[in-house]
2 protein chains.
Amino acid sequence: MGVFSRTCEYAMRAVFFIAHRTPDGSRVGIKDISEGIDSPAHFLAKILQDLSRRGIINSAKGPNGGFYMTEENLSRPLSDVVEAIDGVQIFKGCALGLKQCSVKNPCPLHHEFKAIRNDLTKLLNGTSIKSFNEDLLNGMTSLKK
Amino acid sequence: MGVFSRTCEYAMRAVFFIAHRTPDGSRVGIKDISEGIDSPAHFLAKILQDLSRRGIINSAKGPNGGFYMTEENLSRPLSDVVEAIDGVQIFKGCALGLKQCSVKNPCPLHHEFKAIRNDLTKLLNGTSIKSFNEDLLNGMTSLKK
DNA sequence: ACAATTAAAGAGTTTTATATCTTTAATAAA
DNA sequence: TTTATTAAAGATATAAAACTCTTTAATTGT
């Protein structure tokens, strides 16, 4: 596995996909999303239920229902998605998994690893979903599988 | 989970522990190691078998046997341990898990994430186990659980 | 040769992550 | 008010990671 769990990868891809597809308040269904991001539909449904419950995305049932994102949703940092799924360990945890690890009692990787974690935090915490989406909309980036 | 799998955390801790305890060519047993790094003994045994097979550490059976590290072992980069257990995804993979992701077809995180991955690679690939161990030996860092 | 010690190997079990299938509830439109 | 459509929820199923237990093989010292 990479840095994030597979579930978290699906979640991020889905969020970008929804943002990309619902700029105007329209909705996009689970089928379209799961095909668009190449993930198992039912599994993704669970993930989106979770994100929806947490207010990271929005959903509506019934005909013309589906998932969508408001300006409020778009203004959130991507770290909200990661934290919702994978938790905070990736932003805070010791590389070696030591509980005692700290500046006062650093593990062999502590200082250098902290710098890397901080960069990751800055990237995910400091950038809104909206701004990632702008690059997607103007074709500078892509979600091609 | 953090950036590395639990198995990989154990592996790194064990490698540091062995290096720390066998500076002179002596050996240290699985019991001591697993207690020293707070990991399940039998599970760690499997991990160390694997590292031993790959030549990352050494072992000897019988009385006064155990695990140890030679100068050759110590000169290797820590990335060898990580790669042996977790593979290369963490150094090379797309943050969103996309196969097509590349400079020519970048995902929304591509450029910034690549910089972070490169820093991680530089840290693990560019630093020998020995040099991490030196900090441990002179008390600048610790493996306290 | 024998007994003791140690890692290696093999064969599980348990837990967590990932994935699937079915039923229910909400909503919209006819 | 009925039907169609959609997400939510519930219940399993499968696969992978983490962990345990038992047996075997190698080595040492007596």
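This structure is a prediction, so every number in the text was calculated from the model and none was measured.
Between the side chains of B/Asn118 and B/Thr121, not a single donor N or O lies within less than 3.5 Å of an accepting N or O.
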Apply side chain to side chain contact (heavy atoms under 4.5 Å, CB included) to the pair A/Ile85 and A/Ser5, showing each step before the final yes or no.
CA-CA 8 Å; A/Ile85 307 293; A/Ser5 70; 4.2 Å; yes
I'd like to know whether A/Asn105 forms a side chain to side chain contact (heavy atoms under 4.5 Å, CB included) with A/His110, so could you lay out the CA-CA distance, the side-chain angles of the two residues, the decisive distance to 0.1 Å, and finally the verdict.
CA-CA 9 Å; A/Asn105 184 67; A/His110 187 80; over 6 Å; no
The test is side chain to side chain donor-acceptor pair (under 3.5 Å); show your working for B/Asp135 and B/Thr141 and say whether it passes.
CA-CA 6 Å; B/Asp135 288 349; B/Thr141 58; 5.2 Å; no
Determine, stepwise, if the pair B/Ile33 / B/Leu48 fulfils side chain to side chain contact (heavy atoms under 4.5 Å, CB included).
CA-CA 10 Å; B/Ile33 304 170; B/Leu48 296 188; 3.9 Å; yes
Before you tell me yes or no, could you show the steps for B/Lys114 and B/Val103 under side chain to side chain contact (heavy atoms under 4.5 Å, CB included), namely the whole-Å CA-CA distance, both residues' side-chain angles and the distance that decides it to 0.1 Å?
CA-CA 10 Å; B/Lys114 180 148 87 175; B/Val103 179; 3.3 Å; yes
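As a whole-Å value, the separation of B/Ile30 CD1 from C/dT5 P is 18 Å. Rounded to a whole Å, the CG atom of A/Asn58 is 16 Å from the C1' atom of C/dT27. Protein atom CD1 of A/Ile85 is 13 Å distant from nucleotide atom P of C/dA19, rounded to whole Å. The CG atom of A/Asn64 sits 14 Å away from the C1' atom of C/dA26 (whole-angstrom rounding).
Proximity of B/Phe43 to B/Thr7: side-chain heavy atoms (C-beta onward) are separated by under 4.5 Å at one or more points.
When all heavy atoms of B/Cys107 and B/Cys94 are compared, the closest pair comes out as SG-SG, 3.8 Å.
Where DNA chain D meets chain A (any atom under 4.0 Å from a heavy atom), the bounding nucleotides read 5' to 3' are D/dA4 to D/dA11.
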Which protein N or O atoms sit under 3.5 Å from an N or O of nucleotides 11-18 of chain C?
residue, atom, partner, partner atom, Å
C/dT18, OP1, A/Arg6, N, 3.3
C/dT18, OP2, A/Thr7, OG1, 2.4

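Across the interface with DNA chain D, nearest-nucleotide mapping of A/Pro63 and A/His42 shows A/Pro63 to be the residue nearer the 5′ end. Take the nearest nucleotide of DNA chain C for B/Lys61 and for A/Ala60: the residue whose nucleotide is more 5' is B/Lys61.
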